[in-house]
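Please read the structure below before turning to the comments.
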Amino acid sequence: MSTESMPRQLWRDVQVFDGLAQLGETMTVLVAEGRIAGLWPAREFDEAHARGAVEAGRGGVMTPGLVDCHTHLVYAGNRAGEFEQRLEGVSYEEIARAGGGILSSVRATRSASEDELIAASLPRLDALLADGVTTVEIKSGYGLTVADELKMLRVARRLGELRPVRVITTLLGAHALPPEYAGRADDYVSLVCDEMIPAAVAEGLADAVDVFCEGIGFSPAQCERIYRAAKVHGLAIKAHVEQLSNLGGSALAARYGALSADHIEYLDEAGVRAMAEAGTVAVLLPGAFQVLRETQLPPIALLRQYGVPMAVASDANPGTSPICQPTLMAHLACTLFRLTPREALAGMTANGARALGLSELGRIAVDAPADLCVWDIQQPAELAYAVQAGRLRQRVFNGAITHAC
Ligand SMILES: N=CN[C@@H](CCC(=O)O)C(=O)O
Ligand SMILES: [Zn+2]
């Protein structure tokens, strides 16, 4: 149904978290033509606005649809064996250097067809949707050839056609060095810059470019080459940085105007300052922190002090965060990183959207796109407090109710 032909819909007596804060009063919300057409304190509502509108719901907590701004949802196989190895004391880096880790998922993903990848990824996407996601970013990075990276991005785009969700795609060709380029990392970076990025742009498959700037990934100098190529092709920049060590990757990404610097457990004050100056969002990934049993905490106090917006995402991936439940991430952001529930929810709505360069999303405001969730809870903080499936009463995508219990 086109948004013009949808009936106007009215929600009454909802507690609203607008993407940054809880509004003080119980609200009435009107949706028309896929957008939020009106937002009033309930006791000030003029019933004239209700004429011709469908009564879509009453009570509960309304939030923007959740924005999961960092996922690796498309992959084949799984790495449960590595999970067991790590529990026995082998580190993530040791597994990677022995040819496992990301490269293990690369082998499985290269040998999967597009349809097989769709079949493997849809249940993961459905889990995100059932937990309130209306916008999801999906990275490539388990192909590492031009053809296989494009295959992953095509699958990501197709997922967005199969389900009512907005999919943003990110080319992560520089995720790991593929074995056929062993000892020739600079040549592989040339492949990313000169072939992968142009091919992804030519097919309209990528919205952004990402890198893994790390000892087991790519050096700052190599990442810089990729940022330059991304800029030439008009793609936004994102970065996996300061996850296992501090290479100054966040400051470098910020210098190139990156939308976000993600992970950032090892980020220092200079990096925080650079991000603040560039308006780069800090994407916190408590799932990876938890699964890797990391102990170095991201510098939350400094991020607050410098006013760097903080997003929270699932990082759903087969290695470091095999978790497809964004509300669990809100809980972990509070319990592990000491975010307040308000910060965690802003991280999964307004700031998550900002990390994707989509500032009109993740907000409940007049004229904003009507991507909404209505939850069976009394107050927004409960979303971060309790870990419990089944609380999502309605999920509204582009003005259409797509999930109702
Ligand atoms: N750090 C690099 N990339 C992913 C993990 C990928 C994997 O282990 O498969 C992350 O966000 O943690
Ligand atoms: Zn990641």
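Just follow the structure's listing: the first ligand is 1, and inside any ligand the first atom is 1.
- For the Zn ion (ligand 2), the N/O/S atoms of Asp262 include none lying under 2.8 Å.
- Among the heteroatoms counted here (N, O or S) of His70, NE2 is the one nearest to the Zn ion (ligand 2).
- Protein heavy atom nearest atom 1 (N) of ligand 1, with residue, atom name and distance: Gln243 OE1, 2.7 Å.
- No hydrogens or angles considered: nothing links the side chains of Thr134 and Arg166 as a donor-acceptor pair under 3.5 Å.
- Looking at Asp315, its N, O or S atom nearest to the Zn ion (ligand 2) turns out to be OD1.
- None of Thr170, Asn317, Asp315 except one satisfies the side chain to side chain donor-acceptor pair (under 3.5 Å) rule with His72; the exception is Asp315.
- There is no side-chain donor-acceptor pair under 3.5 Å between Glu382 and Trp375.
- The ring of His331 has its center no closer than 6.0 angstrom to the ring center of Tyr385.
- Geometric assessment of Arg86 against the ring of Phe83 yields a negative cation-pi assignment under the 6.0 Å and 45° thresholds.
- Considering each of Tyr75, Tyr142, Tyr92, the one bringing a non-hydrogen atom nearest atom 8 (O) of ligand 1 is Tyr92.
- With respect to atom 12 (O) of ligand 1, the closest heavy atom belonging to the protein is Thr320 OG1, 2.7 Å.
- Within ligand 1, the atoms closer than 4.0 Å to a non-hydrogen atom of Asp315 are 10 (C), 11 (O), 12 (O), numbered from 1 in the order shown.
- For ligand 1, the atoms closer than 4.0 angstrom to any heavy atom of His263 are 1 (N), 10 (C), 11 (O), 12 (O).
- In this structure, a donor-acceptor pair under 3.5 Å is absent between the side chains of Thr26 and Asp13.
- For the residue pair Tyr266 / Glu294, a side-chain donor-acceptor distance below 3.5 Å is found, with atom types taken as modelled.
- Distance check for His72 against the Zn ion (ligand 2): an N/O/S atom falls below 2.8 Å.
- Around the CD atom of Glu55, the shell of radius 6.0 Å holds more than 12 heavy atoms that belong to other residues, nucleotides or ligands.
- Considering only non-hydrogen protein atoms, atom 2 (C) of ligand 1 sits nearest to His175 NE2, 3.5 Å.
- Within ligand 1, counting atoms from 1 as listed, the ones closer than 4.0 Å to a heavy atom of Gly319 are 8 (O), 9 (O).
- Atoms of ligand 1 lying under 4.0 Å from at least one heavy atom of Ile102, given by number and element, are 6 (C), 7 (C), 8 (O), 9 (O).
- Listed by number with element, the atoms of ligand 1 under 4.0 angstrom from any heavy atom of His70 are 11 (O).
- Heavy-atom distances between Glu214 and ligand 1 stay at or above 4.0 Å for every pair.
- For the residue pair Glu82 and Tyr92, no side-chain donor N or O sits within less than 3.5 Å of a side-chain acceptor on the partner.
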